[in-house]
*Asks:* 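What follows is a structure written as structure tokens; I'll ask about it next.
Below, chain A is the first sequence line, B the second, and so on; all start at residue 1.
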Amino acid sequence: MRYSQMLIPTLREAPSDAEVVSHKLMIRAGLIRQLARGIYDYLPLGLKVLRKIEQITREELNRAGCQEVLLPVIIPAELWQETGRWGFYGKELLRLKDRNERDFCFGPTQEEIITDLVRREIRSYKELPKNFYQIHTKFRDEIRPRFGLMRAREFIMKDGYSFHATEKSLNEHYELMRKTYVRIFERCGLRTKVVEADTGAIGGSSSHEVVVLAETGESEVAFCDACDYSANLEMASSKTAKGEKKRSGSSKCREIKTPGLKTVEEVAAFLKVKRAQMIKTLVYLRDGGIVVGLIAGEHEINEVKLKNACNARFLTMADAATVKELTGAEVGFAGPVGLKKKTSLGPVQVFADFSIQSIDDGVTGANKTDYHLTGVVPDVDFTPDQYLDLRLVKEGDSCGRCEKGRLQIKRGIEVGHIFKLGTKYSKSMNAMFLDESGTKQPFIMGTYGIGIGRTAAAAIEQNNDDKGIIWPLPIAPFQVEIISLNQDDEVIKTAEKIYDELLAQGIEVLYDDRDERAGVKLTDAELIGIPHFVMVGSRGVKDKVVELKARKNGDIKKLAFKDVSNVVKKLCQI
RNA sequence: CGGGGCGUAGCGCAGCCUGGUAGCGCGCUUGGUUCGGGACUAAGAGGUCCCGGGUUCAAAUCCCGGCGCCCCGACCA
């Protein structure tokens with residue numbers, strides 16, 4: 001491709017609304033332009049990168065036995081009503097009506113569609129397992145799109161769905177997908193980590209995320225420095241003392257006046273007790289009731305763990321009025337002793353983190369404004385419904401899996417996600433096959449996603465310098481860029497000749513044939529980040545040499561004309 | 001949805017406070033000189049000052065309403 005014929009609108013300055021480096025560079029290098037919030041045009045250079053990532057994804061999935069399909073983006077409401085998601089999904093689901101006022105949505109994910117196809121076309125266990133995937137555009141009306149393609153509303157995603165006759169088959173396939181995902185991102189030239197993840201709203205029993213470690217990532221992952229344990233912060237567990245047996249005895253609880261002291265720090269300082277002795281009491285609102293979480297004052301509660309523990313559909317901090325109704329006190333004085341079992345909003349569940357199990361002289365709110373209780377003993381003064389792990393792990397906590405490891409916490413970009421779904425969708429949509437004994441069984445399903453645009457953004461986050469993008473070779477829009485450093489006849493002749501030679505070798509080459517100064521061409525070349533430059537100038541032409549420059553480290557090698565195509569070809573082998 | 005900010009030429013911004021009919025840098029067009037790391041020079045093109053209403057002799061500027069975009073928070077296969 002000739003640069004002069006391509007639309008590559010590079011910018012010296014990034015638009016002021018771009019925050020993170022990948023967003024800035026994607027705009028400056030002319031890969032994307034924004035049309036509306038979270039909605040982008042993909043320009044020629046940007047599309048080439050996406051296509052590369054798609055192609056690698058396709059090759060690896062096909063190799064793993066998956067089949068590509070292409071499902072509609074506009075979906076009739078009926079299918080979503082079958083699974084109940086038409087009601088649950090909320091505003092993130094873009095809903096539309098056709099000319100006859102029938103309800104449709106723009107698919108944010110397509111479990112319903114594929115399950116519908118499979119229930120109509122697959123009847124026997126003999127046809128299983130199967131994995132269908134597609135690469136197409138999704139739309140999620142995100143509350144807060146940001147960072148360019150990292151969190152867009154309209155985005156390109158590879159989504160795949162597998163169907164199995166047995167759990168064993170699902171487990172095997174899940175493992176295959178995990179390996180395949182690792183390989184896909186490795187081939188893209190990315191350094192990734194596979195972490196255990198929360199199954200979230202989509203439901204299901206097990207889930208892993210593939211994340212690219214990057215400062216600008218939106219998710220936090222914890223991993224052990226000794227063993228291979230790694231998990232999304234939402235899921236991560238550290239070593240916890242548990243299994244203390246229940247105590248009995250009489251209460252030595254006392255009420256103490258603590259005027260205006262609400263936080264753990266304030267109360268601990270006032271009463272001269274350790275934070276570890278404090279029983280922090282947090283009140284949450286869930287669908288159909290109230291959930292109270294108890295945790296030692298030195299720790300933070302992990303709301304995802306709490307939400308999962310009580311099996312809630314949603315969970316949010318309770319407002320002051322609810323806290324007052326439950327405890328009879330202002331916010332800041334809640335405690336587990338003598339709590340109501342019921343409120344106008346529904347029943348009250350109390351979950352306690354293991355960390356309070358061993359407290360024997362605890363301090364907690366008295367459910368009375370300006371008062372706290374001391375000498376509180378769990379299982380004597382109050383009994384939680386359940387003890388479990390509710391802690392948000394901290395950097396340096398000991399690993400929950402191995403003996404000596406410590407947890408580290410880093411930020412990452414979630415580029416892939418795999419789920420064991422089970423029969424959630426097949427059951428609600430009555431998608432059944434006949435097993436060996438001739439009985440109807442719901443399909444056992446898995447779902448597997450890769451954010452294609454987000455992967456491109458993550459690649460830039462991981463590979464850039466102050467001059468611009470440094471594409472990993474496998475996903476670079478071009479492998480080589482030829483730059484004529486001036487417009488002398490001999491230089492142009494040579495550049496054209498090399499261009500033809502490289503093209504003939506099947507190399508993806510961008511030839512900057514513009515009548516621009518060397519500086520302009522080089523700066524643009526560095527910005528758009530093609531891995532190798534072949535620089536042709538009049539000085540070299542005299543001696544029949546060109547210069548080969550690596551974008552990554554700036555190394556320059558002189559090359560005789562006759563060697564160019566062989567050397568470059570070797571460099572471009574992946 | 002709550003809090004904050006912004007909207008003036010393709011991009012980055014000034015002008016607004018204190019109303020008088022729009023400017024700078026980069027980019028773009030044409031000519032000349034230049035030409036191996038973002039040239040110089042001369043001449044140009046390009047703006048519904050986000051939209052609507054109001055105040056005023058006069059509004060980019062003041063007032064009211066709306067829209068769009070960004071940031072923080074709540075959300076998130």
Side-chain angles (χ1 to χ4, degrees), chain A residues 7 9-20 23-24 27-28 30 33-39 85 88-93 107-112 138-148 150-153 155 157-161 197-204 207-210 218-219 232 234 285 303-304 307 314-317 319 414-419 421 424-425 446-451 454 467-468 483-488 491-492 495 512 514-527 533 535-542 546-547 549 554 556:
Chain A
L7 177 66
T10 57
L11 257 28
R12 261 193 205 196
E13 289 171 287
S16 52
D17 54 13
E19 282 279 301
V20 300
H23 186 194
K24 283 182 187 159
I27 290 171
R28 285 192 53 213
R33 288 293 184 263
Q34 179 169 325
L35 181 64
R37 80 193 289 250
I39 301 178
R85 283 163 107 194
F88 298 145
Y89 216 88
K91 284 199 168 173
E92 208 173 299
L93 183 65
T109 169
Q110 312 219 299
E111 283 80 8
E112 283 84 353
K138 299 267 187 284
F139 190 92
R140 292 184 192 165
D141 202 351
E142 295 271 358
I143 291 171
R144 191 138 124 71
R146 61 184 126 176
F147 302 159
M150 205 109 103
R151 173 170 295 261
R153 291 193 296 171
F155 58 100
M157 171 174 167
K158 170 260 148 182
D159 51 325
Y161 309 89
D198 179 44
T199 48
I202 220 177
S207 152
H208 285 83
E209 284 171 4
V210 184
E218 292 188 279
S219 54
N232 189 304
E234 295 174 345
L285 227 44
E303 294 183 10
V304 173
K307 184 177 166 192
F314 75 85
L315 190 75
T316 80
M317 279 295 241
D319 53 283
E414 176 193 345
V415 288
H417 204 156
I418 59 178
F419 269 93
L421 272 181
K424 178 172 168 164
Y425 291 88
T447 176
Y448 317 90
I450 289 178
R454 190 183 273 189
K467 297 190 177 98
I483 299 165
S484 52
L485 294 168
N486 56 53
Q487 300 303 107
D488 291 359
V491 168
I492 290 176
D512 194 343
R514 293 175 300 168
D515 183 10
E516 286 287 354
R517 322 190 105 231
V520 172
K521 292 188 184 185
L522 289 163
T523 316
D524 275 337
E526 280 157 342
L527 177 60
F533 310 151
M535 302 188 292
V536 186
S538 37
R539 281 180 217 153
V541 164
K542 276 183 277 175
V546 297
E547 282 157 317
K549 182 168 179 173
I556 297 180

*Asks:* Yes or no on salt bridge (Lys or Arg N to Asp or Glu O under 4.0 Å) for Lys549(A) and Glu526(A), after CA distance, side-chain angles and deciding distance?
*Replies:* CA-CA 11 Å; Lys549(A) 182 168 179 173; Glu526(A) 280 157 342; 3.7 Å; yes
*Asks:* Taking only N and O in the side chain of Ser16(A), is any of them less than 4.0 Å away from OP1 or OP2 of C13(B)?
*Replies:* yes
*Asks:* Identify, with sequence neighbours excluded, every residue that meets ring pair (Phe, Tyr, Trp, His ring centres under 6.0 Å) alongside Tyr89(A).
*Replies:* Trp80(A)
*Asks:* Checking all strands, does Ala14(A) fall into the base, sugar-phosphate, or nothing category for heavy-atom contacts under 4.0 angstrom?
*Replies:* sugar-phosphate
*Asks:* Assign Lys549(A) to base, sugar-phosphate, or nothing according to its heavy-atom contacts below 4.0 angstrom with the strands shown.
*Replies:* base
*Asks:* Which base sits across from G12(B) as a Watson-Crick or G-U pair, both distances under 3.5 Å?
*Replies:* C24(B)
*Asks:* Any ion pair linking Arg146(A) and Glu218(A) (charged N to carboxylate O, less than 4.0 Å)?
*Replies:* yes
*Asks:* Using a heavy-atom cut-off of under 4.0 Å over every strand shown, decide if Gly90(A) touches base, sugar-phosphate, or nothing.
*Replies:* nothing
*Asks:* Taking only residues two or more places apart in sequence or in another chain, which ones pass ring pair (Phe, Tyr, Trp, His ring centres under 6.0 Å) with Phe533(A)?
*Replies:* none
*Asks:* How would you label the contact of Ser538(A) with the nucleic acid (heavy atoms, under 4.0 Å): base, sugar-phosphate, or nothing?
*Replies:* base
*Asks:* Picking from C70(B), G12(B), G37(B), which would you name as closest to the side chain of Gln34(A)?
*Replies:* C70(B)
*Asks:* Counting distance alone, no hydrogens or angles: does the base of C71(B) have a donor or acceptor under 3.5 Å from a partner atom on the side chain of Arg146(A)?
*Replies:* no
*Asks:* Round to a whole Å and report the spacing from CG of Leu315(A) to C1' of C76(B).
*Replies:* 15 Å
*Asks:* Write down the partner of C40(B) under the Watson-Crick or G-U wobble criteria, each distance required to be under 3.5 Å.
*Replies:* G32(B)
*Asks:* Considering only nitrogen or oxygen atoms on both sides, find all protein atoms under 3.5 Å from nucleotides 38-41 of chain B and state each distance.
*Replies:*
{"from": "G38(B)", "atom 1": "O2'", "to": "Arg12(A)", "atom 2": "NH2", "distance (Å)": "3.1"}
{"from": "A39(B)", "atom 1": "OP2", "to": "Arg517(A)", "atom 2": "NH1", "distance (Å)": "3.2"}
{"from": "A39(B)", "atom 1": "O4'", "to": "Arg517(A)", "atom 2": "NH1", "distance (Å)": "3.4"}
{"from": "A39(B)", "atom 1": "N7", "to": "Arg517(A)", "atom 2": "NE", "distance (Å)": "3.4"}

*Asks:* What nucleic acid atoms does Gln487(A) come within less than 4.0 Å of, heavy atoms only: base, sugar-phosphate, or nothing?
*Replies:* nothing
*Asks:* Where the side chain of Lys521(A) meets the backbone of Ser484(A), is there a donor-acceptor pair that is under 3.5 Å apart?
*Replies:* yes
*Asks:* Under a 3.5 Å cut-off for both contacts, is C6(B) paired Watson-Crick or G-U wobble with anything, and if yes, with which nucleotide?
*Replies:* G68(B)
